[in-house]
Amino acid sequence: MSATTDSPSDAQLMAQRTKFLKTPQTIGVTCVPFSGGQPKGGVDDGPVEMIRFGIVDQIEGMGYDVSISDGMDKYRSMRPASDPPVGKLKNPRYVSLAARRVADQVRAHCASGSLALTLGGDHSIAMGTLVGSTAVYGDDLCVLWIDAHADINTPATTDSGNLHGCPLSFILGLCDKQDHSADDGLFGWIKPCVRTDSLVYIGLRDVDSGEKAILRKHGIKAFSMHDVDRYGIGRVVEMALDHVNPERTRPIHMSFDVDALDPSVAPATGTPVRGGLTFREGHYICEAVAETGCLVALDLVEVNPALGDPESLRQTVAVGCSLVRCSLGETLL
Ligand SMILES: [Mn+2]
């Protein structure tokens with residue numbers, strides 16, 4: 001049965017539900033074609049492929065207006081001519097410059113009252129998205145990090161030096177000053193902006209030993225795939241929300257790494273780990289977060305069109321787009 005002209009759009013239903021957005025009818029999109037936080041090329045084409053697949057048209061089709069940040073091409077040209085490692089950190093200047101620009105763009109969307117949707121790019125850009133969202137919502141904001149990995153290595157604990165495995169250590173303020181300020185405070189613009197008890201993970205299954213020590217030391221709540229198996233995704237999402245947002249009165253920033261999904265569902269990503277979320281489990285998380293009316297910012301990262309065959313690409317881009325739509329209120333019925 002087709003909808004009648006009198007029936008409300010997804011956007012109208014979400015506007016009735018939202019608790020924080022002043023202009024819920026508009027989605028503020030930031031496209032970040034950036035791959036400097038990890039070694040594999042192609043993840044910088046993620047946003048372009050999602051747009052080519054129709055993500056903007058799809059969001060507009062749900063009844064939203066879309067406002068896209070200017071100058072997505074600038075990210076590629078921001079790479080410094082020389083960017084030697086600082087300690088173990090690779091491409092540190094490039095990551096810092098790009099993330100800082102992301103922060104400005106996300107802050108502008110949040111300040112205007114729109115939901116800030118950021119399409120990556122690798123997960124290092126979340127340094128920027130979280131600085132941007134917390135600049136507007138302060139430490140009332142809580143963070144759902146949906147990922148196979150904890151992304152919480154410090155400059156001291158990282159083995160690879162890839163900054164997409166480190167964004168949360170900067171955001172939570174877990175780095176020693178001397179860790180990353182060798183080059184006169186390269187990441188000094190990132191002030192700790194999220195408390196450790198305002199962060200919760202879902203989907204973890206590949207956590208470095210240094211990261212496990214950090215999670216334990218700070219008592220950071222995490223629901224691994226073991227918990228998804230034990231409790232089911234419905235209970236896990238409920239428990240995760242109860243931890244950071246028990247009354248559902250705090251704004252939510254959800255940072256969704258497609259590698260949280262099983263590689264059979266999202267194969268075109270840089271660091272796939274088997275044993276991940278099913279198609280429905282991933283979508284359920286987005287649907288349940290949409291139902292809270294608390295979502296103010298969403299990152300969808302690590303779609304890498306260069307990895308795998310054309311069908312893997314199509315499948316991964318398609319699932320990325322549908323996760324976004326579900327987070328914005330698309331429902332099965
Ligand atoms: Mn990640």
Side-chain angles (χ1 to χ4, degrees), residues 32 34-39 78 80 83-104 106-107 118 120-135 137-139 141-145 147-201 204 206-222 244 253 255 257 271 297 299 301-302:
V32 191
F34 181 78
S35 64
Q38 52 82 64
M78 291 173 92
D83 196 6
V86 171
K88 282 181 277 186
L89 302 182
K90 294 171 182 163
N91 307 322
R93 292 158 198 81
Y94 188 25
V95 172
S96 178
L97 279 170
R100 200 164 188 171
R101 186 158 188 269
V102 172
D104 289 341
V106 170
R107 184 194 302 116
T118 304
D122 73 61
H123 220 161
S124 67
I125 66 173
M127 292 181 198
T129 63
L130 283 164
V131 166
S133 61
T134 56
Y137 292 101
D139 67 359
L141 183 128
C142 62
V143 178
L144 303 189
W145 197 272
D147 207 310
H149 311 92
D151 296 351
I152 198 169
N153 271 302
T154 68
T157 68
T158 177
D159 282 331
S160 68
N162 296 326
L163 276 156
H164 77 156
C166 305
L168 283 168
S169 69
F170 292 92
I171 289 298
L172 299 167
L174 305 180
C175 310
D176 292 336
K177 259 279 180 258
Q178 62 270 26
D179 276 350
H180 58 87
S181 58
D183 198 18
D184 197 32
L186 198 49
F187 292 97
W189 60 274
I190 304 177
K191 307 297 176 220
C193 51
V194 175
R195 296 195 314 269
T196 50
D197 61 1
S198 295
L199 165 68
V200 65
Y201 291 100
L204 299 188
D206 184 11
V207 180
D208 298 340
S209 58
E211 292 183 303
K212 284 185 188 173
I214 291 170
L215 297 181
R216 288 171 187 169
K217 177 181 175 190
H218 297 279
I220 295 170
K221 195 76 167 173
V244 292
H253 184 139
S255 201
D257 187 324
T271 48
D299 313 330
V301 300
E302 299 282 358

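Treat the numbers as computed from the prediction; the structure is a model and nothing was measured.
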Residues passing the side-chain hydrogen bond (donor to acceptor under 3.5 Å, both in side chains) test with S124, sequence neighbours excluded, are D122
*L172 versus H218: any side-chain heavy-atom pair under 4.5 Å?*
no
Contacts of Y137 meeting ring pair (Phe, Tyr, Trp, His ring centres under 6.0 Å) (sequence neighbours excluded), chain-then-number -> none
Stepwise side chain to side chain contact (heavy atoms under 4.5 Å, CB included) test for V143 and I171: CA-CA 11 Å; V143 178; I171 289 298; over 6 Å; no
Distance-only, no hydrogens or angles: does the K88 side chain make a donor-acceptor pair with backbone N or O of S160 under 3.5 Å?
-> no
key: Side-chain heavy-atom pair W145, D257 within 4.5 angstrom cut-off   = no
Using a 4.5 Å cut-off on heavy atoms from C-beta on, say whether the side chain of I190 contacts that of L130.
no
Kindly indicate, with the supporting measurements, whether the criterion side chain to side chain contact (heavy atoms under 4.5 Å, CB included) is fulfilled by L89 and L163.
CA-CA 7 Å; L89 302 182; L163 276 156; 3.9 Å; yes
Between T158 and C166, the two heavy atoms sitting closest are CB-SG, 4.1 Å
- [ ] Verify, without hydrogens or angle tests, whether E211 (side chain) and I152 (backbone) share a donor-acceptor contact under 3.5 angstrom.
- [x] yes
Exactly one candidate in T134, T118, V32 meets side-chain contact (heavy atoms from CB on, under 4.5 Å) with V106; the answer is T118
side-chain hydrogen bond (donor to acceptor under 3.5 Å, both in side chains) filter on S255, not counting sequence neighbours, yields H123, D299
For this session: Go through the steps to decide whether H164 and D151 satisfy the test side chain to side chain contact (heavy atoms under 4.5 Å, CB included), and finish with yes or no.
Result: CA-CA 7 Å; H164 77 156; D151 296 351; 5.9 Å; no
Nearest heavy-atom approach of H149 to Y201 is O-CE2, 4.3 Å
Sorted by chain and residue number, the side chain to side chain contact (heavy atoms under 4.5 Å, CB included) partners of T157 (sequence neighbours excluded) come out as N153, T154, I214
Distance col, row K90:NZ vs Q38:CD, nearest 0.5 angstrom, shows 10.5 Å
The side chain to side chain contact (heavy atoms under 4.5 Å, CB included) partners of D104 (sequence neighbours excluded) come to R107
With sequence neighbours left out, the residues meeting salt bridge (charged side-chain N to carboxylate O under 4.0 Å, His left out) with D83 are R93
In terms of heavy-atom contacts, L168 and A150 come closest through CD1-O, 3.5 Å
Return all side-chain donor-acceptor pairs below 3.5 angstrom for residues 192-200, not counting sequence neighbours, or 'none' if the list is empty.
{"from": "R195", "atom 1": "NE", "to": "D197", "atom 2": "OD1", "distance (Å)": "3.1"}
{"from": "S198", "atom 1": "OG", "to": "R250", "atom 2": "NH2", "distance (Å)": "2.8"}

Residue set satisfying side chain to side chain contact (heavy atoms under 4.5 Å, CB included) with S96, at least two apart, ordered chain then number -> L186, F187, W189
For P80 and Y94, the nearest pair of non-hydrogen atoms, with its separation, is CD-CB, 3.6 Å
Side-chain heavy-atom pair T129, H253 within 4.5 angstrom cut-off:
yes
